[in-house]
Undergrad: 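Submitted below is the structure of interest, expressed as structure tokens.
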Amino acid sequence: MDLYFFAPPASLIAALAFGLFGLLIGSFLNVVIHRMPKMLEREFENACAEHVGKEPVHTDTYTLSTPRSACPHCGHKITALENVPVISYLVLRGKCRGCKAKISPRYPIIELLSGLLAGWMVWQFGSGWLGMGAVVFGFMLIAMTFIDIDTQYLPDDLTLPLLWLGLLVNLNGGFASLHDAVLGAAAGYLVLWGVNALFKLLRKVDGMGGGDFKLLAALGAWMGWQLLPAIIVLSSVVGAVVGIGMMVFAGSGRSTKIPFGPYLAGAGLLALLFGPEISALSQTYLSAPR
């Protein structure tokens, strides 16, 4: 009797492979999220000191790779075996091997999110250059989301490369035509800049940071100007719901600052993954009789 073995399609194998790769990148993203804001702060403080003729405030090397990762409580250096995505967290039961202090579950969550997103992007867009671009797009949005949650700041070191990468991906019509991508980048920036300018005129304070303008410009560069209204509506609705929830259940006041970047990033991911469906729904709504 012949034996027949199930042979998974190449697309599934590629998605699984990139899912595992995403887990590894997720571990690196944890480092980026933790260290990049500190690196930028140190650079700013040294620049200020240099401007007034003083010695640099920070003279030690602090990069994404140096010094080695360590427990913030006891200084225990993280070994390679303790840095295996998700598995190490489970084996260590969410505690430092040295002092038994609790490790935030956010670390394995980011690793899992990166793995799942990488696999999904490759499954949907393939393992060619378009799929690779989508994977990088997802990784950068994950990093920006958690940096904004922690610091309410979106670094130019992430938003601007994402914008230029979007234009390059669409150079020959990847997710949108180059014409639509350029218009999307310009419109994305100007729309939020205009909203903030009007808010500042009325309230005398900024309503959002410049990083939000650049992030929406980057999303426009990736997906074209046509999806910008959907991205803005999705992010605004979710942001409004969260803001109202914080005021009702957490007792936050109206003056409490809520980072808008995570909502833009989430809406941008939805637009990339479900762009045709969102466009079809929009056209159906707009063409419906009133």
Undergrad: What verdict does the side chain to side chain contact (heavy atoms under 4.5 Å, CB included) test give for Val57 and Arg42, after you've listed the backbone C-alpha separation in whole Å, the side-chain angles of each residue and the deciding distance to 0.1 Å?
TA: CA-CA 8 Å; Val57 179; Arg42 289 160 66 96; over 6 Å; no

Undergrad: Kindly determine whether Leu192 and Met208 satisfy side chain to side chain contact (heavy atoms under 4.5 Å, CB included), including the steps that lead there.
TA: CA-CA 8 Å; Leu192 288 190; Met208 60 183 68; 4.0 Å; yes

Undergrad: Should the pair Trp222 and Phe175 be assigned to parallel (<30°), tilted (30 to 60°) or perpendicular (>60°) ring geometry?
TA: tilted

Undergrad: For Val86, is there any backbone N or O sitting under 3.5 Å from a side-chain donor or acceptor partner on Glu111?
TA: yes

Undergrad: Passes side-chain hydrogen bond (donor to acceptor under 3.5 Å, both in side chains), Ser177 versus Asp180? Steps please.
TA: CA-CA 5 Å; Ser177 69; Asp180 291 343; 3.2 Å; yes

Undergrad: Do the charged groups of Arg106 and Asp150 touch, with an N to O distance under 4.0 Å?
TA: yes

Undergrad: Do you know the tightest heavy-atom contact between Glu55 and Ala49?
TA: O-CB, 3.4 Å

Undergrad: For residues Ile149 and Pro262, report the shortest heavy-atom separation together with the two atoms involved.
TA: CG1-CG, 3.7 Å

Undergrad: In Å, rounded to the nearest 0.5 Å, how long is the span from NZ of Lys77 to CG of Asn83?
TA: 13.5 Å

Undergrad: Around atom CG of Leu168, are there more than 12 heavy atoms of other residues, nucleotides or ligands at under 6.0 Å?
TA: yes

Undergrad: Are there more than 12 heavy atoms of other residues, nucleotides or ligands under 6.0 Å from atom NE2 of His179?
TA: no

Undergrad: So, do Leu24 and Leu20 sit near enough that their side-chain heavy atoms are less than 4.5 Å apart?
TA: no

Undergrad: Look up atom CZ in Phe146 and atom NE2 in His34, then write down how far apart they are to the nearest 0.5 Å.
TA: 15.5 Å

Undergrad: Answer yes or no: does atom CH2 of Trp164 have more than 12 heavy-atom neighbours from other residues, nucleotides or ligands under 6.0 Å?
TA: no

Undergrad: Please report the interatomic distance CD1(Ile142) to CD1(Ile147), rounded to the nearest 0.5 Å.
TA: 12.0 Å

Undergrad: Would you say Tyr107 and Pro105 make side-chain contact, with heavy atoms under 4.5 Å?
TA: no

Undergrad: Hey, could you give me the CD1/OG distance between Ile110 and Ser27, rounded to the nearest 0.5 Å?
TA: 10.0 Å

Undergrad: Backbone N or O of Ile232 within a donor-acceptor pair of the Ser235 side chain at under 3.5 Å?
TA: yes

Undergrad: Please lay out, stage by stage, how Gln226 and Leu228 fare under the test side chain to side chain contact (heavy atoms under 4.5 Å, CB included).
TA: CA-CA 6 Å; Gln226 294 91 338; Leu228 285 178; over 6 Å; no

Undergrad: Walk me through it: do Asn196 and Asp212 pass the test side chain to side chain contact (heavy atoms under 4.5 Å, CB included)?
TA: CA-CA 10 Å; Asn196 183 66; Asp212 296 322; over 6 Å; no

Undergrad: More than 12 heavy atoms of other residues, nucleotides or ligands under 6.0 Å from CD of Glu50: is that the case?
TA: no

Undergrad: Determine the minimum heavy-atom distance between Ile78 and Cys71, stating which atoms define it.
TA: CD1-N, 4.2 Å

Undergrad: Please say whether more than 12 non-hydrogen atoms of neighbouring residues, nucleotides or ligands are located less than 6.0 Å from CZ in Phe199.
TA: yes

Undergrad: Return the CE to OG1 distance between Met36 and Thr151, rounded to the nearest 0.5 Å.
TA: 11.0 Å

Undergrad: Could you check Phe28 against Phe139 for ring-ring contact (aromatic ring centres under 6.0 Å, His included), going step by step and ending with a plain yes or no?
TA: CA-CA 10 Å; Phe28 173 69; Phe139 288 157; 9.6 Å; no

Undergrad: Measure the spacing between OG1 of Thr159 and CG of Asp148 and express it to the nearest 0.5 Å.
TA: 10.5 Å

Undergrad: Decide yes or no for Leu162 and Met144: does some side-chain heavy atom of the first lie under 4.5 Å from some side-chain heavy atom of the second?
TA: yes

Undergrad: State yes or no: do Tyr153 and Leu64 share one hydrophobic cluster built from I, L, V, M, F, W and Y residues joined by side-chain heavy-atom distances below 4.5 Å, directly or via other members?
TA: yes

Undergrad: Any side-chain heavy atom of Phe125 sitting closer than 4.5 Å to one from Leu273?
TA: yes

Undergrad: Tell me, do Ser127 and Phe18 make a side-chain contact under 4.5 Å, heavy atoms counted?
TA: yes

Undergrad: Can you establish whether the number of heavy atoms outside Asp60 located under 6.0 Å from its atom CG is more than 12?
TA: yes

Undergrad: Side chains of Phe213 and Leu154: closer than 4.5 Å at any heavy-atom pair?
TA: no

Undergrad: Side-chain contact test, heavy atoms from C-beta onward, threshold under 4.5 Å: evaluate it for Val91 versus Leu81 and give yes or no.
TA: no

Undergrad: What are the two closest heavy atoms between His73 and Ala101, and how far apart are they?
TA: CD2-CB, 3.4 Å

Undergrad: In the single-linkage hydrophobic clustering (I, L, V, M, F, W, Y; side-chain heavy atoms under 4.5 Å), do Leu167 and Met132 co-cluster?
TA: no

Undergrad: Is it the case that the side chain of Asn170 and the backbone of Ala176 share a donor-acceptor pair, with hydrogens and angles ignored and the cut-off at 3.5 Å?
TA: yes

Undergrad: Are Leu190 and Leu198 connected, step by step, through hydrophobic side chains (Ile, Leu, Val, Met, Phe, Trp, Tyr) whose heavy atoms are closer than 4.5 Å?
TA: no

Undergrad: Compute whether any side-chain donor of one residue and acceptor of the other, for His76 and Glu82, lie under 3.5 angstrom apart.
TA: yes

Undergrad: Can you name the nearest heavy-atom pair linking Thr145 to Ala265, along with the distance?
TA: OG1-CB, 3.3 Å

Undergrad: In terms of heavy-atom contacts, does CZ of Arg68 have more than 12 from other residues, nucleotides or ligands at under 6.0 Å?
TA: yes

Undergrad: Are the side chains of Cys74 and Cys96 in touch, meaning some heavy atoms are under 4.5 Å apart?
TA: yes

Undergrad: Is it true that Val32 and Leu40 fall in one hydrophobic cluster, defined by side-chain heavy atoms closer than 4.5 Å?
TA: yes

Undergrad: Same cluster or not: are Tyr263 and Phe274 linked, directly or through other Ile, Leu, Val, Met, Phe, Trp or Tyr residues, by side-chain heavy atoms under 4.5 angstrom apart?
TA: yes

Undergrad: Might you point out which heavy atoms bring Ala267 and Ile231 nearest each other, and give the distance in Å?
TA: CB-O, 3.5 Å

